[in-house]
Every structure is written in structure tokens, then in C-alpha cells.
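See below for the structure under consideration.
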Amino acid sequence: GFEPAIWHSGISKNKKKIIWSGLASGKINIVIGARSALFLPFKKLGIIIVDEEHDQSYKQDEGIIYNARDMAIARAKFENIPINLVTAIPSIETYENVKRQKYFHSRLINRFKNAELPIHQIIDLKKYKLEKQSWISSKTVEKVQSHLERGDQILFFLNRRGFSPFVLCKSCMKIFSCPNCSINLVYHKKSDHLLCHYCSFKSNLKKNCEGKDKCEYIFSGPGVEKISEEIKRIFPSYKSLIFSSDTMNKKYSKDYLQKILNNEINIIIGTQLISKGFHFPNLNCIVVLDIDLSRLGHDLRGAEKSIQLYHQLSGRAGREGKPANVYFQTHNLKSDLIKKIIDQDPLKFLDDELTLRKKNSLPPYERFISLIVSANDEKKLEEQSVRLKEKLMLELDAKILGPVNAPIYKIKKKFRNRLLIRSKKNPAIQKKLSLILKSFNLSSGIKLTVDVDPINFN
């Protein structure tokens, strides 16, 4: 009997004025919104529901840094109203609050319509070796073919946009990297350009080799566009579609989604975007192509993020009750990550993770505060980073780690160093740090960013 208001950065200024006024006057009762919806002037806010509370995108890490989930909890407390945190697998922080009985919790044991959970299977790439320039094994093709013959939709999951994440010239061995950021440019074949996924720098592929001839390119590693080409070659009689932020824009997304729902698309090649709550009734087969790559990295939350992503992804399959399978291609059959994903009870993983975190004094049992110092001048950056550490060590009762170069050392022409403060969970540390930083005179051209409870360590 009513339409909810939709609030996010993409809606027009006029529509924002109407929603703002409607909420202030009490004419609008329900808002479905992104992070900034928390700051709207609700006349009488009654309940806040945070869907997918574990999702790291709730953390805004540019401009004013805050975690919208935590901000929602704070606002509910100020307003003295209930808040529901909804998730398939809670964040470690939320689960620890449940364990301490700070939060009430209820758990859905059965899926909608009593649908069975998908069966997880491992495809050993040491046994079924990949052919040259191929990323789909013969065993995977066999499994997928049997699903296609039953009328099932297939999802090939690879969390990499574009065609190839690594391009080099085999003559001069030049690697194509971003001039503004210390990462490789990704080749997007559809638009025929190289793109930086951090600063959006764009370049064409036509480069002169050092020997003055044209470069001869080698495209290393797969992106969804490369997988799409391979799928068209292997399954030429079936219709396929790339499902990523590059293809699912305003112009085409409604049309593409309708085609998937109508079962006009047989094979979807998707990035992480597809795990975000879509309901595809005919999707009963998921192939995870990059499970080994998911384990690489230097993020203490890596295992937690992977478990949440793959359980959420598995939840896309078999939603109408038909038998469904999730296949993991891997070179490593002893992978702890795969075993934890296959375990139908993810709370066992969270219990183990909490034990590990407590033993090593890691969040949520200790507070992390990340300081990111950035500058155009590398020498100046090093001097200021060391000077900041010395001041912190003198005046702050906490463990100070660093400074070290950030894993992605340069972004948007700015070099970046990181320091990490480790302390007991006490608001006093933030107050003390605030006073110290106010008295610290940064040199011109130096930017300091403070991130309490960091999620991203890049």
C-alpha cells in the first residue's frame, strides 16, 4: 500500500530534497538507503535494519572515515530503538557480541521453501590439468555440460574485471603499469584500453617498442572477459553474459536481469557483484575459478572475508529447491579455506577464528588504529613518518608498528606509508591520540589519514 523512498548518491538533487522534506514532516515512513541514509532527518525513527551487516562496503575509507554498520548501532542506541543486523555469516565483531550476550540472536535453520543447500565439490587441477591459455578444466566442462542439459543456469565466478590483469611486451619485456599508482593496468578487451582500477587512468594498447617496432603483447592471468571468450569457444550453442560493474550499468542492467530471470541466458560469468542478494531461480551450478588466488594476501581478515563471500555466493544456487552444486577448481586439495567453506556450519569457523584472534591479541580483542601518511615527495614522506612515530612512542601508551610502505605504495600520484597502533579496547586511546595529532605539526604537502578499526590494509 506504499512505496519506500530510495536514497543513495545516484539520485537527483530534486528527489533528495523531496525525501528530506518528507522524512522531516513524517510523510515518508520507510527508506531503503545506502550509508548516507543514516544521516537523514527521520521525524520518529522506529527501527534500523542493516542487511548483510558483514559486508566490508559499509566501511567508508575516503573523506570522513566511518563504518556505517557501527554508526547504525550508535544511532539506534541514541534513539533508544531496536536494530536488526542481518547476515548469512556475521562479522567477527558481531559474532563476538553475540557470544558475550550483548546482542540477542535468532538463526534460520532452513532455506526458503525448505530448499536444500548446494553440494560442494572440489575439482583437482593437478589431476585435471588446464590446457595452455585455458582456465576451465576438462572435468569442469563435463560437470557444466550435464547441468546445461538439465536446463540449469551456470555461474562461472571470477572476481576480476576486464580481460587480463597483467600485460607485457615479449620483445622489450615492458610491463604496462599505471603512471599514478603502483599497480598494473588491466586490459579491457571490449573497450580496447588499459585501465587503472584505482585512479581510472586510461590508455590505449598501441605502444612503440623500445626497438621502435610495435609491441607484441602477452596477456597474463584471466579476467571475466577472457573467461567469457573461452566459454563461447567451449559452449558455442549456449548464450552467455558477463555480470560485472562494467556491464551492469543503468542502461543495460534491467534488460540483462530480465533475460537471466527468463532463462534466456544459460551461462553467467560474474564478479563479486553477483553475490549481492540476487535471486536467479534457474541458477543451480556455480564454478569458482580462482579459489587459490583468494587465499593470497596480507590481510588479517582475509579468511573471514573469503568465507563470507563464498557462503554468500553459494546462497545464489538452488534457491527454488532443485539440486544444486558448487565446484571449486584448485591446485591445493589441503586448503583450509576450502574445508571451512564446505563445512555447512560457518559458526564453527567463527569460533575457531575468535580463539585464534584472542590468542594473538587481534581485533575484536584489541584495538587497531591505522595511520596513513601520504605525500608527493618520497623523502619528505619518510622523514615525517619517522617523526610521527617518535612522537607517538613518547606520548602514547600503546604499541606502534611501522612506518612501512603501504602494500600499494602509490595511489593517485601520492606515496603512502602506514603506521599501526595496537592498544587495549578503550575509548581513551582515541581521545589521547586526537590530542597528540592536534599538537603534531605536519609539513606542507603531507596528508595524514586516521582509520580506527581498519578493514582494508592496502
Side-chain angles (χ1 to χ4, degrees), residues 53-56 58-59 61 65-67 69-71 73-74 85 87 89-103 105 294-309 335-337 339-340 343 346-373 385-386 388-408 416-437 440 448-458:
E53 68 84 26
H54 65 272
D55 201 306
Q56 65 191 76
Y58 280 118
K59 182 69 182 272
D61 51 14
I65 294 175
Y66 68 97
N67 190 314
R69 179 203 62 208
D70 297 346
M71 194 74 81
I73 294 164
L85 305 179
T87 178
I89 301 183
S91 61
I92 282 288
E93 292 81 4
T94 296
Y95 188 62
E96 198 256 344
N97 281 325
V98 168
K99 297 280 281 186
R100 287 198 293 129
Q101 297 185 332
K102 187 177 176 182
Y103 295 172
H105 82 286
S294 300
R295 299 198 306 275
L296 304 176
H298 36 252
D299 187 347
L300 72 91
R301 298 176 185 269
E304 178 192 351
K305 289 175 185 176
S306 293
I307 294 287
Q308 287 160 346
L309 169 62
S335 162
D336 284 341
L337 176 60
K339 286 175 187 171
K340 286 167 183 173
D343 191 323
L347 298 190
K348 187 177 179 297
F349 160 77
L350 294 174
D351 285 326
D352 293 345
E353 188 73 4
L354 279 176
T355 302
L356 184 68
R357 300 269 188 105
K358 194 168 190 175
K359 182 183 174 184
N360 293 287
S361 298
L362 295 168
Y365 300 104
E366 192 173 72
R367 171 128 289 155
F368 277 15
I369 302 176
S370 177
L371 303 179
I372 301 103
V373 189
S385 302
V386 170
L388 176 59
K389 180 176 182 174
E390 288 169 351
K391 184 171 178 69
L392 291 171
M393 289 185 76
L394 276 173
E395 300 182 28
L396 195 65
D397 182 22
K399 192 173 183 179
I400 318 294
L401 302 176
V404 295
N405 296 157
I408 300 177
R416 304 154 70 243
N417 274 353
R418 292 184 68 108
L419 293 102
L420 188 67
I421 299 168
R422 296 183 61 164
S423 76
K424 290 178 181 177
K425 286 193 81 171
N426 188 331
I429 188 77
Q430 286 144 271
K431 290 177 184 176
K432 180 66 177 171
L433 177 62
S434 179
L435 292 170
I436 293 168
L437 294 179
F440 182 73
L448 176 63
T449 304
V450 181
D451 185 358
V452 179
D453 300 329
I455 284 178
N456 190 335
F457 287 83
N458 283 338

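Computed from a predicted model, the values in this text were never measured in an experiment.
Residues passing the salt bridge (Lys or Arg N to Asp or Glu O under 4.0 Å) test with Arg367 are Asp453, sequence neighbours excluded. Applying the salt bridge (Lys or Arg N to Asp or Glu O under 4.0 Å) rule to Lys391 yields the partners Glu395; only residues at least two apart in sequence or on another chain are considered.
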Any chance you could lay out the side chain to side chain contact (heavy atoms under 4.5 Å, CB included) test for Leu85 and His105, step after step, and finish with the verdict? CA-CA 9 Å; Leu85 305 179; His105 82 286; over 6 Å; no
Take Glu96 and Tyr365, measure what side chain to side chain contact (heavy atoms under 4.5 Å, CB included) needs, and give me the verdict at the end. CA-CA 9 Å; Glu96 198 256 344; Tyr365 300 104; 3.7 Å; yes
Evaluate side-chain hydrogen bond (donor to acceptor under 3.5 Å, both in side chains) for Arg416 paired with Thr449, printing each intermediate quantity in order. CA-CA 10 Å; Arg416 304 154 70 243; Thr449 304; over 6 Å; no
Could you walk me through whether Tyr103 and Asn97 pass the side-chain hydrogen bond (donor to acceptor under 3.5 Å, both in side chains) test, one step at a time? CA-CA 6 Å; Tyr103 295 172; Asn97 281 325; 3.2 Å; yes
Start with the C-alpha distance between Leu401 and Lys399, add both sets of side-chain angles, then the distance that settles side chain to side chain contact (heavy atoms under 4.5 Å, CB included), and finish with yes or no. CA-CA 7 Å; Leu401 302 176; Lys399 192 173 183 179; 3.9 Å; yes
Take Leu371 and Ile421 through the side chain to side chain contact (heavy atoms under 4.5 Å, CB included) test and state the conclusion after the steps. CA-CA 8 Å; Leu371 303 179; Ile421 299 168; 3.9 Å; yes
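Here the side chain of Lys389 pairs no donor or acceptor atom with the backbone of Pro403 at under 3.5 angstrom. Thr355 places a side-chain N or O within 3.5 Å of a backbone atom of Asp351 that can act as its donor or acceptor partner.
Side-chain polar atoms of Glu366 and Ser423 form no donor-acceptor pair below 3.5 angstrom. Judged by distance alone, the side chains of Glu304 and Ser91 never bring a donor and an acceptor atom under 3.5 Å apart. For the residue pair Ser370 and Arg418, a side-chain donor N or O sits within less than 3.5 Å of a side-chain acceptor on the partner.
With salt bridges taken as basic N to acidic carboxylate O contacts below 4.0 Å, none links Asp55 and Arg69. Salt bridge status for Glu93 with Arg301: present, with a side-chain N to carboxylate O gap under 4.0 Å. In this structure, Lys59 pairs ionically with Asp451, as a charged nitrogen and a carboxylate oxygen lie closer than 4.0 Å.
Counting heavy atoms from C-beta on, the side chains of Leu392 and Leu433 come closer than 4.5 Å. Between Ile429 and Lys424, the closest side-chain pair of non-hydrogen atoms is not below 4.5 Å. Counting heavy atoms from C-beta on, the side chains of Leu354 and Ile92 come closer than 4.5 Å. By the 4.5 Å heavy-atom criterion applied to side chains, His54 and Ile89 are not counted as neighbours. Taking the side chain as every heavy atom from C-beta outward, Leu388 and Leu437 approach each other to under 4.5 Å. Using a 4.5 Å heavy-atom cutoff, the side chains of Phe368 and Leu362 are in contact.
Met393 contributes atom CE, which lies 10.5 Å from atom CG of Leu419 (distance to the nearest 0.5 angstrom). Interatomic distance, CD1 of Ile400 versus CG of Leu396, reported as 5.0 Å (0.5 Å rounding). With rounding to the nearest 0.5 angstrom, the CD1 atom of Ile455 is 8.5 Å from the CG atom of Asp61. The OH atom of Tyr95 lies 6.0 Å from the CG atom of Leu350; values are rounded to the nearest 0.5 Å.
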